[in-house]
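Read through the structure below, which is laid out as structure tokens, and then see the notes.
A, B, ... follow the sequence lines: proteins, then strands. Residue 1 opens every chain.
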2 protein chains.
Amino acid sequence: MTIRQLEYFCAVVEEGSVSAASRRLHVAQPPVSRQIALLEQELGVSLFRRGSKGMLLTEAGESLYQQGRDYISDMERLAERVRALGTGVRGTVRLGVLYSTVPYALPYLRAFRAAYPQVELYIRVGAPQDLLADLNRGDLNALFLRAGAKETIGLHERILGSDAIKLIMTRDTDPAPELDTIPIERLRSVPMCLLRSDDLWGYNQALLKDCQRSGFMPSVVCQCYDTPMAMQLVQSGFGVSFLPERIVETLPHSGIYAKSVQGVAENSYAVLAWNENGYRSASVELFTAFRP
Amino acid sequence: MTIRQLEYFCAVVEEGSVSAASRRLHVAQPPVSRQIALLEQELGVSLFRRGSKGMLLTEAGESLYQQGRDYISDMERLAERVRALGTGVRGTVRLGVLYSTVPYALPYLRAFRAAYPQVELYIRVGAPQDLLADLNRGDLNALFLRAGAKETIGLHERILGSDAIKLIMTRDTDPAPELDTIPIERLRSVPMCLLRSDDLWGYNQALLKDCQRSGFMPSVVCQCYDTPMAMQLVQSGFGVSFLPERIVETLPHSGIYAKSVQGVAENSYAVLAWNENGYRSASVELFTAFRP
DNA sequence: ATCACCTATACTTTAATTATATAGAGAATA
DNA sequence: TATTCTCTATATAATTAAAGTATAGGTGAT
């Protein structure tokens with residue numbers, strides 16, 4: 001039994017005659033007769049009662065028609081689903097997001113979702129080392145990261161935006177409430193909660209060096225390993241932190257804000273990173289090539 | 001997309017390589033490569049990641065395989081169902097049963113059901129004229145009847161058994177409780193409930209003629225048009241009736257029994273009747289050809 | 001009885017599929 | 001590094017399946 005035989009058969013049923021079906025199918029009449037005969041032979045069943053007034057279904061033919069119609073359209077739907085996966089409009093993309101890139105990741109994801117609502121997005125927030133390991137293992141397809149990680153050699157990166165690194169504080173811990181920019185000497189006695197990320201980025205070192213140049217070492221009351229914790233500490237009044245400025249957007253209306261430190265102009269790039277070696281599904285291709 | 005392409009594709013997936021699949025399919029390797037390529041071309045999708053270590057599925061290929069396996073076995077199941085209808089082991093047979101043939105119909109139906117449990121039996125009990133009309137209209141496929149109806153010309157009949165026509169009575173209405181066979185004179189003053197079936201069978205007439213020969217006419221207190229009603233009347237003590245003897249089996253343990261009338265040897269045949277002209281489904285063929 | 005219409009078969013032509021032979025790519029081994 | 005092995009892809013020939021053409025046979029209508 002072939003799909004073509006089923007299609008011919010259904011056409012004959014719907015038109016009520018082989019001749020009419022052959023016209024609809026744009027083929028001659030004998031091939032239709034022949035395929036029907038082959039089908040009957042294979043099934044060992046008469047599908048039609050032949051009469052001069054056309055072809056009437058037998059019981060077996062009735063059953064074949066009812067099931068066959070669905071069967072044919074099932075194939076078309078099946079093909080359509082596979083096609084959709086091929087063009088990437090359907091599928092799954094597995095993403096890792098570094099907390100500090102959330103302000104860049106979210107608009108990107110929103111725009112992508114609007115463009116390709118059929119693509120499922122799996123999103124994991126974590127530390128850069130873990131995310132990179134999962135990317136290389138193939139568990140993740142792309143990462144929202146900060147530029148400059150050692151392990152990102154061999155990865156493709158696309159810059160999504162840049163942040164000035166600024167001092168993050170609350171009104172209570174602001175070392176210079178009366179000024180928009182904080183002179184570096186004001187940091188002398190300010191407790192600091194710095195992000196320690198195995199030196200993924202050097203801007204904490206740069207800040208400390210600047211302080212040293214000014215003749216003091218700030219008191220680092222806490223070194224934490226993830227941005228959300230640093231933010232929590234800042235919000236709770238433990239001290240100030242030194243982070244990409246847009247991070248404050250992840251906790252809006254929470255009394256946290258950012259100010260530049262005079263003479264310190266460190267900068268950080270938020271990037272989308274992925275591995276172009278190895279197999280990449282159509283939806284992943286689509287995701288990394290996407291421009292919001 | 002053809003079934004063959006799907007089968008080749010699934011074989012490649014299961015064997016992990018085109019070469020191995022071609023061996024399993026008993027064809028050369030190039031045709032398999034080619035059909036896969038055609039499938040990919042039609043779907044506009046890469047289904048495999050080609051590597052020297054074999055063929056690995058892409059996301060689209062994964063989806064096609066999961067759905068394709070089911071799709072292929074669906075076709076096999078579909079064909080099997082149609083085949084079953086063709087051989088008659090599945091399907092529907094619509095039957096008409098004359099009440100007085102119930103003792104013959106029931107064992108037949110029980111045996112057929114045991115042999116072909118997949119065949120649905122639709123059973124209607126009714127008057128012979130109605131049943132014959134429905135048979136000719138095609139609403140019924142076969143009838144359990146009494147032989148000798150005028151309208152059965154052109155029908156095939158098969159005799160299922162014969163009944164002596166006997167007097168049906170209860171202990172209270174028995175005209176000769178002391179005898180096993182009733183002398184015809186005893187019917188002189190006995191009220192009778194006779195079945196009037198538009199003279200479908202002549203045995204009532206035969207009985208009345210015999211009475212007339214004996215010099216009397218029995219009192220026919222009721223002429224009813226269906227056997228169950230006649231039976232009800234007999235059971236209620238309205239009178240006796242004159243029916244095929246095995247009819248008493250349809251109301252066992254009800255106090256009804258049959259006795260011969262001396263000198264009256266009418267006989268009736270229970271038959272299975274059907275029309276061999278026109279379309280007859282495989283299960284109907286099976287039913288009429290069946291021997292318990 | 002002839003005509004019109006429909007299906008089935010015989011035969012030819014065309015298209016699709018398969019088989020054979022072979023090239024090219026990547027991993028394994030010496 | 002060169003060699004060998006294995007696997008896939010392509011070119012071309014052979015085969016097989018499908019479609020087209022012509023026509024016979026059957027049934028109902030004019």
Item to check | Pairs meeting criterion side chain to side chain donor-acceptor pair (under 3.5 Å) with involvement of residues 86-96 of chain A, two or more places apart | outcome: none
Next on the checklist: I need the OH-C1' distance between B:Tyr8 and D:dT8, as an integer number of Å.
Outcome noted: 17 Å
Checklist entry - Quick one: B:Ile36 CD1 to C:dT17 P, roughly how many Å, whole number? => result 13 Å
Scan nucleotides 3-5 of chain D against the protein and return all N/O pairs shorter than 3.5 Å with their distances rounded to 0.1 Å.
none

Item to check | Euclidean distance, atom CG of residue A:Leu47 to atom P of C:dT7 [Å, nearest integer] | outcome: 15 Å
Checklist entry - Quick one: ring-ring contact (aromatic ring centres under 6.0 Å, His included) partners of A:Phe112, sequence neighbours excluded? => result A:Tyr116, A:Phe287, A:Phe290
Item to check | Rounded distance in Å - NE2 (B:His26) to C1' (C:dT17) | outcome: 18 Å
Item to check | Separation of C:dA15 C1' from B:Leu38 CG (nearest whole Å) | outcome: 13 Å
Checklist outcome for this item: Residue pairs meeting ring pair (Phe, Tyr, Trp, His ring centres under 6.0 Å), one or both in residues 2-37 of chain B, sequence neighbours left out, come to B:Phe9-B:Phe48
Output one line per pair: protein atom, nucleotide atom from nucleotides 9-15 of chain D, and distance, for all N/O pairs under 3.5 Å.
residue: D:dA9; atom: OP1; partner: B:Arg50; partner atom: NE; Å: 2.5
residue: D:dA9; atom: OP1; partner: B:Arg50; partner atom: NH2; Å: 3.2
residue: D:dA9; atom: OP2; partner: B:Ser33; partner atom: OG; Å: 3.1
residue: D:dA9; atom: N7; partner: B:Gln29; partner atom: NE2; Å: 2.9
residue: D:dA9; atom: N6; partner: B:Gln29; partner atom: OE1; Å: 3.0

Next on the checklist: What is the separation between atom CG on A:Leu25 and atom P on D:dA18, rounded to the nearest whole Å?
Outcome noted: 15 Å
Checklist entry - Which pairs count as salt bridge (Lys or Arg N to Asp or Glu O under 4.0 Å) when at least one residue sits in residues 17-26 of chain B, sequence neighbours excluded? => result B:Glu14-B:Arg24, B:Glu15-B:Arg24
Next on the checklist: Under a 4.0 Å threshold between the charged nitrogen and the carboxylate oxygen, would B:Arg50 count as salt-bridged to B:Glu40?
Outcome noted: yes
Checklist outcome for this item: Residues at least two apart in sequence or cross-chain that pass side-chain hydrogen bond (donor to acceptor under 3.5 Å, both in side chains) with B:Arg291, listed by chain then number, are none
Next on the checklist: Taking ring-ring contact (aromatic ring centres under 6.0 Å, His included) as the definition, give me every residue that meets it alongside A:Tyr65, ordered by chain and number, with sequence neighbours left out.
Outcome noted: none
Checklist outcome for this item: Residues passing the side-chain hydrogen bond (donor to acceptor under 3.5 Å, both in side chains) test with A:Arg158, sequence neighbours excluded, are A:Tyr108
Next on the checklist: Considering every strand and a 4.0 Å limit on heavy-atom distances, what is the contact class for B:Phe48: base, sugar-phosphate, or nothing?
Outcome noted: nothing
Item to check | Presence of salt bridge, A:Glu7 and A:Arg4, under 4.0 angstrom | outcome: no
Item to check | Side-chain N,O (A:Ser19) to OP1/OP2 (C:dC5) below 4.0 Å | outcome: no
Item to check | Rounded interatomic separation in angstrom, taking CZ from A:Arg4 and P from C:dT17 | outcome: 8 Å
Checklist entry - Can you check whether B:Gln35 has a side-chain N or O nearer than 4.0 Å to OP1 or OP2 of C:dT18? => result yes
Item to check | Separation of atom CG in A:Leu56 from atom P in C:dT7, rounded to whole Å | outcome: 11 Å
